[in-house]
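First comes the structure, then the notes that go with it.
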Protein chains: 2
Amino acid sequence: MQAENDSAADPRREAILAAAAELFFSHGFAATSIDAIIERSGGSKRTIYALFGSKQGLCEALIRENSERIFGSERLDDPTLSLEESLLRFARELLRLFLRPDTAGMYRLVVAEALRVPALAESYMRIGPGRARAWLAGRLERARDELGEIDATRAANQFLGLVRSDVYYETVLGLRDPLSEAEVDTMAADAVRVFLHGVRRG
Amino acid sequence: MQAENDSAADPRREAILAAAAELFFSHGFAATSIDAIIERSGGSKRTIYALFGSKQGLCEALIRENSERIFGSERLDDPTLSLEESLLRFARELLRLFLRPDTAGMYRLVVAEALRVPALAESYMRIGPGRARAWLAGRLERARDELGEIDATRAANQFLGLVRSDVYYETVLGLRDPLSEAEVDTMAADAVRVFLHGVRRG
DNA sequence: CTCCTATGGTAATGTGCATTACCAAGTCAA
DNA sequence: TTGACTTGGTAATGCACATTACCATAGGAG
C-alpha cells in the first residue's frame, strides 16, 4: 500500500537520521543530545518523538536502517568467477566496507549498546555482517570439489577473521589511519592466499 | 621505596576499582553512577575524588590497571617448544583470554570511550593485545627457516585474526555463549593448521 | 592529651538533558 | 473558507547524577 522504498519517502525522517548518524557515530549515544541532532537536521524535537518515540528508539531505527544501507551494497553474486577471484573480490569489498568511518562508527555504537539492548546487536548482525558470512559459507559450500570436505561455516569464520586480521581491531580503536587502495589489495590478496593454501592442505 | 606490588597496597583503592570494574564492564561508563560504585565498595565519594580526581579518572585508572592484570598473565616464553606447539598454546591462551567476560567487558568499555579519550585506547593496546602481538611477531621472526621469508608483522596480524575469527566478534556483541574447553581446543588447532599450511605454501 | 589529617556519611548544589507542553503558523481536504 | 491535523520554535518540567560542602569521628604524631 504505502511501503515504498523506505528511503526518501519522508525527507524529514531522512534528515533526522542523517544528522543522528553523524553525531551518534562520532560521539556515541550518551554524548549526543537531542538538541544537537535537531540543530543539525532542522525541524523540531516534537517530530523526533512523533517518529521514533524516544532517543533510544531513534538510535535503534538508525542502526537498523544504516545496517541495511551500509551492508546492503554488497554485490557478491557472480557465478562465473573462479573461487579465488570470488574470494578476492569479496575480501576487497569487505576491507573497504569495514574501514569506512561510518561502518566503524556504527560498530562502536552497537558494541556500546549491545548489553543494554540485546535485540539491537542481534538485528545488526543479522542484517549486516551475518549476511556476508552466510553468502561466504554458501560459496565455500559450492566449492567442495576444490576444497575437499570442509566445514563451510567454520571456514567462513576463519576467512572473515583472516581478512579483518588485526587491522579492524585497530581501526575500531581509532589507532590507525585508513588504508590506501593499494594496501587493501595487498591485504586481500594475502588473506586469500593464506586461506586457500591453508584450507586445501588442511 | 614505596611502590610495592601496586595491588593490595591500598585496600580501599582496590575495593573501589573492583566495584567499578563490575559495574563499568557490565553497564558501560555512562550508565554507571558514582553512587552505585560506592554502594558496592563501601567508603565515601570523597575517597573516589581524592584518589582518582573524577569519574573519568577512575575509568582510566581502571582500564590501565586491568589491562595489566588481565593481559599480564600470559606466560608465553618457552624456547624448547616447536613452532606448531608454541602457536597452539598461544592460540588456546588467547581464546580463553578473549572470551572471558571481563576481557570482553573491558573491550566494550575501551571501544565506547576510544574516540573521547584516544590515549586510553592507545595504552590499552600497548599494555594488552599489542604485547601479545609483539611476542607473536618475534616468535614468527625466529622461525624463518621453517616459514621462509615472510613479513612477520603481517603474518602475526593474520594469525590473530584467524584465531579470533568471527567468534570474538559475536562474543563482544553478546550473541554467543562462552566456549567449552573442547571447542577452544578445536578452534585453536584449526587456526594453527590453516595458518601454518597457508603461510608455508604462500 | 591534643591537634591534624583522612574518612565515612549525608546533604547540598548545579548542570545537562530527555521529555513534555504550548503556541503560532502552515497544509490539505471538503 | 474552514477546520482538523501536523510541524517549528521555544519555553517549561523534572530528574538523574557528577561534583562539592559540611560535620562528626577516628587514628597518628607530637
Side-chain angles (χ1 to χ4, degrees), chain A residues 1-4 6-64 109 112-113 115-117 119-120, chain B residues 1-2 4 6-64 109 112-113 115-117 120:
Chain A
M1 305 306 178
Q2 26 63 2
E4 295 226 26
D6 200 21
S7 63
D10 184 345
R12 201 171 14 254
R13 183 187 168 87
E14 293 306 309
I16 291 174
L17 282 173
E22 246 178 283
L23 294 171
F24 277 144
F25 291 169
S26 60
H27 301 316
F29 179 79
T32 299
S33 72
I34 297 279
D35 290 286
I37 295 174
I38 279 303
E39 190 177 347
R40 189 168 296 239
S41 74
S44 154
K45 278 188 271 191
R46 193 177 190 86
T47 311
I48 285 189
Y49 285 92
L51 290 175
F52 303 102
S54 68
K55 185 185 182 185
Q56 177 110 200
L58 169 59
C59 183
E60 290 182 28
L62 174 65
I63 288 175
R64 241 180 291 275
L109 194 54
E113 300 302 302
L115 292 189
R116 189 186 333 290
V117 195
L120 199 142
Chain B
M1 305 302 177
Q2 25 64 0
E4 295 227 23
D6 198 22
S7 63
D10 183 346
R12 197 172 17 251
R13 182 187 168 89
E14 292 307 307
I16 291 173
L17 282 172
E22 246 178 283
L23 293 172
F24 277 144
F25 291 169
S26 60
H27 301 315
F29 179 79
T32 300
S33 72
I34 298 280
D35 290 286
I37 296 173
I38 281 303
E39 190 176 348
R40 191 168 293 239
S41 73
S44 153
K45 279 188 270 189
R46 194 176 193 82
T47 310
I48 285 189
Y49 285 92
L51 289 176
F52 303 102
S54 68
K55 186 186 183 186
Q56 177 109 201
L58 169 60
C59 184
E60 291 183 27
L62 174 65
I63 288 175
R64 239 180 292 276
L109 194 55
E113 300 301 303
L115 293 189
R116 189 186 331 291
V117 196
L120 199 142

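Throughout, a chain's letter reflects where its sequence line sits, starting with A, and its residues are numbered from 1. Owing to the predicted nature of the structure, the values given are computational and were not obtained by experimental measurement.
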Rounded to the nearest 0.5 Å, how far apart are CD1 of A:I37 and OG1 of A:T32? 6.0 Å
Sequence neighbours excluded, the answer for salt bridge (Lys or Arg N to Asp or Glu O under 4.0 Å) partners of B:R64 is B:E60
How close do B:L115 and A:S26 get, heavy atom to heavy atom, and via which atoms? CD1-O, 3.4 Å
Chain B reaches DNA chain C, atoms under 4.0 Å from its heavy atoms, from C:dT7 to C:dA11
Search all heavy atoms of A:A20 against all heavy atoms of A:L58 and return the closest pair with its distance. CB-CD2, 4.1 Å
Shortest non-hydrogen separation from B:V117 to B:Q56 and the atoms involved: CG2-OE1, 2.7 Å
Contact check, residues 23-37 of chain B vs DNA chain D, heavy-atom distance under 4.0 Å, returns B:T32, B:S33, B:I34
Inter- and intrachain pairs under ring-ring contact (aromatic ring centres under 6.0 Å, His included), touching residues 25-57 of chain A, at least two apart: A:F24-A:F29
Members of residues 44-56 of chain B that approach DNA chain D, where some heavy atom sits under 4.0 Å away: B:K45, B:R46, B:Y49, B:S54, B:K55
Grab the CZ-P distance between A:R40 and D:dG9 for me, whole Å please. 17 Å
Rounded to the nearest 0.5 Å, what separation is found between the CD1 atom of B:I34 and the OG atom of B:S41? 10.0 Å
Which pairs pass salt bridge (charged side-chain N to carboxylate O under 4.0 Å, His left out) with one or both residues in residues 41-57 of chain A, sequence neighbours excluded? A:D35-A:K45
Nearest-0.5 Å distance, CD1 of residue B:I63 to CG of residue B:L17: 11.5 Å
Of the non-hydrogen atoms in A:L109 and A:C59, which two are nearest, and what is the gap between them? CD2-SG, 4.1 Å
